[in-house]
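Proteins get letters first, then strands, A, B, ... in listed order; numbering begins at 1 in each.
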There are 2 protein chains.
Amino acid sequence: MRLSTQSRYGVRAVFDIAYHGGGEGVQIKDIARRQEISPRYLEQIFQKLRDAGIVTSKRGPRGGYSLAKSPEEIRLVDIIRVTEGGLEPVFCVHPEKSGKDCDRVAKCVTRLIWKEAGEKLEDFFDSVTIQDLCEKSELLGVQKERGRSLMYYI
Amino acid sequence: MRLSTQSRYGVRAVFDIAYHGGGEGVQIKDIARRQEISPRYLEQIFQKLRDAGIVTSKRGPRGGYSLAKSPEEIRLVDIIRVTEGGLEPVFCVHPEKSGKDCDRVAKCVTRLIWKEAGEKLEDFFDSVTIQDLCEKSELLGVQKERGRSLMYYI
DNA sequence: ACATTATCTACTAAATTAGTCAAGAAAAAT
DNA sequence: ATTTTTCTTGACTAATTTAGTAGATAATGT
Ligand code: FES
Ligand code: FES
């Protein structure tokens, strides 16, 4: 039962914007550096996040990504749903979504179990917001790297 | 967040023995037929289940697999742990297990979240037994196919 | 005009998963 | 004892998914 790399990176990336951004747009290369993720790979993930309305983007100098909502309003489930394409542990759970439907559905008990498991997971990821992550991170004593200003004034 | 095929098949296979076996040993080919799973592939899964002490095997004519414990005592988490190799959603969660440890652990908030998620899932799969599946299946009205006797007397 | 930074589409490489195969060993039936 | 049935073992292959790379393009600020 493994969370895809895109989901893990995605959550960390959005968190990074919230934590280090301070309202300003944050550039991919900075996120990539801080989170140690390939910048090119991050691009793809941000594509999805943008389409889903979780972040907004701005091109050109001093461009970058910003959160589309406040950190309290972004729940992990929102991110993961986008990067993972659903939290259900098996396709049988939602035959109508995945297109192909399993002909065992009528007599299959396990399907009900997988469905419940998926719901539990969903509930959990729905209960955690980006704001929560920021607070936890402060507790851990992770240094905030505030904005570009540093670069200019050094 | 996908459960591996081995886990899904594994649970269905153990359930099949409980439901259709009636105490007797159940043969791979019968399980494979009823559950529509490749018999060759099932063999591999049963290997793991046997090593984990979930089923016992008996060779030769009228041989097959039986449950090592009663259906109430077999929890889904037992099966899944074997077939999936742990329920943690990412390797960082247990660096000591997976060998390689991530150097971000100290400053990583998401790790704590993944860990919690894994625990939630584990708790859920710990709360469901094979007996539960059997009861659900009877409710669904799935026909029991009792033993070899059928074959002989027809 | 120019440098910067996101956008889009396509491609490649690596890893994992699912599934197959063949030879062998134990147990039961005859 | 011989034959048949069925599990056992370990290697092998194919398919799929995931992770990552690349290049050309569009928008933006200075
Ligand atoms: S519904 Fe498809 S195998 Fe259970
Ligand atoms: S602990 Fe490894 S990335 Fe979080």
Kindly say if Arg50(B) contacts the phosphate of dT9(D), meaning a side-chain N or O under 4.0 Å from OP1 or OP2. yes

Quick one: is dT8(D) close enough that its OP1 or OP2 comes under 4.0 Å of any side-chain N or O from Tyr65(B)? yes

5'-most by nearest nucleotide on DNA chain D - Arg59(B) or Gln44(B): Arg59(B)

Any Tyr41(B) side-chain nitrogen or oxygen under 4.0 Å from OP1 or OP2 of dT17(C): no

Indicate yes or no: at least one non-hydrogen side-chain atom of Phe125(B) is less than 4.5 angstrom from one of Arg75(B). no

Return the value, rounded to whole Å, for the distance between atom CD1 of Ile28(A) and atom C1' of dT4(C). 13 Å

Count the heavy atoms belonging to other residues, nucleotides or ligands that lie under 6.0 Å from CD of Gln143(B), then report whether that count exceeds 12. no

Rounded to whole angstroms, how far apart are CD1 on Ile37(A) and P on dT18(D)? 17 Å

Flag this pair as yes if the NZ/CZ of Lys58(B) is under 6.0 angstrom from the six-membered ring centre of Tyr65(B) and inside a 45 degree cone about the axis; otherwise no. no

Assess whether one donor atom and one acceptor atom, taken from the side chain of Glu43(A) and the base of dC8(C), lie less than 3.5 Å apart. yes

Arg40(A) CZ to dA6(C) P, straight-line distance once rounded to whole Å: 11 Å

Write down the distance between CG (Leu49(B)) and P (dC7(D)), rounded to a whole number of angstrom. 13 Å

Which is more 5' along DNA chain C, the nucleotide nearest Lys58(B) or the one nearest Ser57(A)? Just name the residue. Ser57(A)

Atom CD of Gln27(A) to atom C1' of dT28(D): distance rounded to whole Å? 12 Å

So which nucleotide from dG19(C), dA22(C), dC8(C) ends up closest to the side chain of Ser38(B)? dG19(C)

For dT17(D) and Ser4(A) - does any side-chain N or O of the residue sit under 4.0 Å from the phosphate oxygens OP1/OP2? no

Return the value, rounded to whole Å, for the distance between atom CD1 of Ile45(B) and atom P of dT17(C). 13 Å

With a 4.5 Å limit on heavy-atom distance, are the side chains of Arg104(B) and Gln35(A) in contact? yes

Ranking Tyr9(A) and Gly60(A) by the position along DNA chain D of their nearest nucleotide, the one closer to 5' is Tyr9(A)

What integer distance in Å separates Gln6(A):CD from dT21(D):P? 13 Å

Whether the side chain of Asp132(A) engages the backbone of Thr129(A) through a donor-acceptor N/O pair (distance < 3.5 Å, no angle test) should be reported. yes

N/O (side chain, Gln47(B)) to phosphate O (OP1/OP2, dT9(D)) under 4.0 Å: yes

Round to a whole Å and report the spacing from CZ of Arg2(A) to P of dT18(D). 11 Å

Respond yes when some side-chain nitrogen or oxygen of Lys29(B) is under 4.0 Å from OP1 or OP2 of dT6(D), and no when none is. yes

